[in-house]
Q: 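Shown below is the structure under consideration.
Counting starts at 1 for both ligands and their atoms, in listed order.
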Amino acid sequence: MSISIYRGTVVYAAERDKLAAFPGANILVEDGFVKNVLKNLPEELAELPVQDYGNALIIPAFSDLHIHASQYAQRGIGMDKLLFDWLMDYTFPQETKFADLSYAKMVYDTLVADLIRHGTFHASIFTTIHYEASDYLFEKLAERGLYAYTGVVNMDCNSPEYLCETTENSLRNTERFLREHQGARTVQPILTPRFAPTCSETLIQGLGKLAKKYACGVQTHLVESIAEAAWTKDLFPGYRCEAAIYEQAGLLEYGPSVFAHVIFPTGEDIEILKKTKSISVHCPDATANIIAGIMPADALGKRELPIALGTDIGAGPGTAVYRQVSRAVQLSKLKAFFQPEGNGQLSFARAFYMATKEGGSIFDRVGSLEPGYRFNALVLDGLEDDFSPLTPEEKLERFCYGGDDRNIVARYLDGKLINP
Ligand SMILES: [Zn+2]
């Protein structure tokens, strides 16, 4: 048994709209898990060394539940396009390059280091249709000890010829990925149909059989734009809503079910997401850049749907989930202003909760610093001016709005100090 003690201002969000802050606290970490947060150390621990971070904040590491790893290479490019043009002009041509493993290694190595640099230790990640590159990313994430779900992408129709798989190959590739990556590791395989329009009904039903056989979850996009939702309706006329396509195929039974965007859900979509305990992922930058819609995050929250945050690289321009915390608040204010009916604004505490504890809920005990959680934590400093002291909550807010990785002075994963 090993005990470590860290001193600083501990801040986390244990509940949806509330930050807990403990200035001058000692956080006790036993074998990588938070044991307690104490103002004063008991006598029996007084002899142990303390890593003292002074006035710095100690916060939980972030969770990013929607990343396209391959699109890291195109982040911040083509941002004046709308979804379908952006996919055809930038994304699909770029994704073909992942047939070349040496290219994939360069991109994925850089991405993983960048995730760590910005404090994202838990993530749900799309790759491409290419097995070797996807396998490489899986192993890279595992080697760094990050917590992740990642899957090889499925697309067997309505895609450019150079990225379109046969249904049979797509299922075979996916089953191989699931089979090869079983086991109790921090990284787990997940089914990854790109989105309904690029998957045939036969493919989705085949994935449902694999979900059952390997007891695994699914990640995909759901009702992300008006054009996408209308197209899906045309392609799948027999279903009462988009979420039903996945539900009826048996894809939402083994968890986690991770749906990106969920901007235009029908009442029936919402009922299915609730019933299946699916998590929706709000990607504020990406939706403002490419998709031109704003998730009704406050309204969905009132319906008790869990909502995480995502960068959606490369529709989002960078890996900093903390920036998505501030963007989520900004977009909720715009939404509430232009569509006041049913839409309120998110509190900062709520958005931070989404990026930490709520997003962390699909992993094992991550996203908070309550006792029993893994000590996956960041130490933040340099956030206040000498002439104007801030409360812990204000420092955290300033970090999410205007801070960057230079403010992250230490990173702990499972209680161990790590570097990008
Ligand atoms: Zn996406």
Side-chain angles (χ1 to χ4, degrees), residues 63-79 81-95 98 107-108 111 115 120 123-129 134 137 148-155 158-160 163 190-199 217-229 231-232 242-243 246 256-265 278-295 297 307-321 323-324 327-328 331 354-355 359 362:
S63 301
D64 185 342
L65 294 204
H66 191 57
I67 299 175
H68 294 266
S70 62
Q71 294 172 22
Y72 181 77
Q74 64 177 89
R75 66 199 184 283
I77 296 172
M79 302 277 97
K81 306 261 177 186
L82 281 174
L83 180 63
F84 291 127
D85 289 338
W86 178 77
L87 286 171
M88 294 309 289
D89 294 350
Y90 288 92
T91 306
F92 289 151
Q94 145 75 14
E95 287 193 12
F98 288 78
V107 177
Y108 290 165
L111 167 73
L115 291 174
T120 297
S124 196
I125 307 177
F126 284 54
T127 57
T128 58
I129 61 171
S134 305
L137 178 66
Y149 288 93
T150 189
V152 63
V153 167
N154 304 100
M155 44 206 295
N158 299 314
S159 308
L163 273 187
I190 189 166
L191 295 165
T192 310
R194 182 173 207 120
F195 65 151
T198 62
C199 299
V218 66
Q219 61 177 348
T220 190
H221 302 83
L222 195 79
V223 288
E224 64 176 302
S225 76
I226 289 176
E228 179 272 317
W231 193 19
T232 301
E242 196 165 319
Y246 304 101
S257 311
V258 184
F259 288 110
H261 306 315
V262 195
I263 297 174
F264 303 101
S278 299
I279 192 160
S280 302
V281 190
H282 186 17
C283 308
D285 263 336
T287 57
N289 288 334
I290 297 296
I291 295 161
I294 300 175
M295 179 202 256
I307 305 170
L309 290 184
T311 57
D312 195 8
I313 282 173
T319 50
V321 182
R323 194 71 80 238
Q324 300 312 309
R327 294 276 190 266
L331 289 199
M354 288 156 69
I362 67 167

Q: Are any N, O or S atoms from His68 nearer to the Zn ion (ligand 1) than 2.8 Å?
A: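 His68 does place an N, O or S atom closer than 2.8 Å to the Zn ion (ligand 1).
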
Q: Out of the N/O/S atoms in His221, what is the name of the one closest to the Zn ion (ligand 1)?
A: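 So the atom name we want here is NE2.
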
Q: Evaluate the criterion side-chain hydrogen bond (donor to acceptor under 3.5 Å, both in side chains) for residue pair Thr128 and Glu95; output intermediate values, then yes/no.
A: CA-CA 7 Å; Thr128 58; Glu95 287 193 12; 5.7 Å; no

Q: Aromatic contact between His66 and His282, with the criterion being ring centroids under 6.0 Å apart: yes or no?
A: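 Between His282 and His66, which both carry aromatic rings, the centre distance is not below 6.0 Å.
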
Q: Has Cys283 got an N, O or S atom lying less than 2.8 Å from the Zn ion (ligand 1)?
A: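 It does not; every qualifying atom lies at 2.8 Å or beyond.
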
Q: List the residues meeting salt bridge (Lys or Arg N to Asp or Glu O under 4.0 Å) with Arg75, not counting sequence neighbours, and say none if there are none.
A: none

Q: Any carboxylate oxygen within less than 4.0 angstrom of a Lys/Arg side-chain nitrogen, looking at Lys81 and Asp89?
A: yes

Q: Looking only at N, O or S atoms, which one in Asp312 sits nearest to the Zn ion (ligand 1)?
A: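 The Asp312 atom nearest to the Zn ion (ligand 1), restricting to N, O or S, is OD1.
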
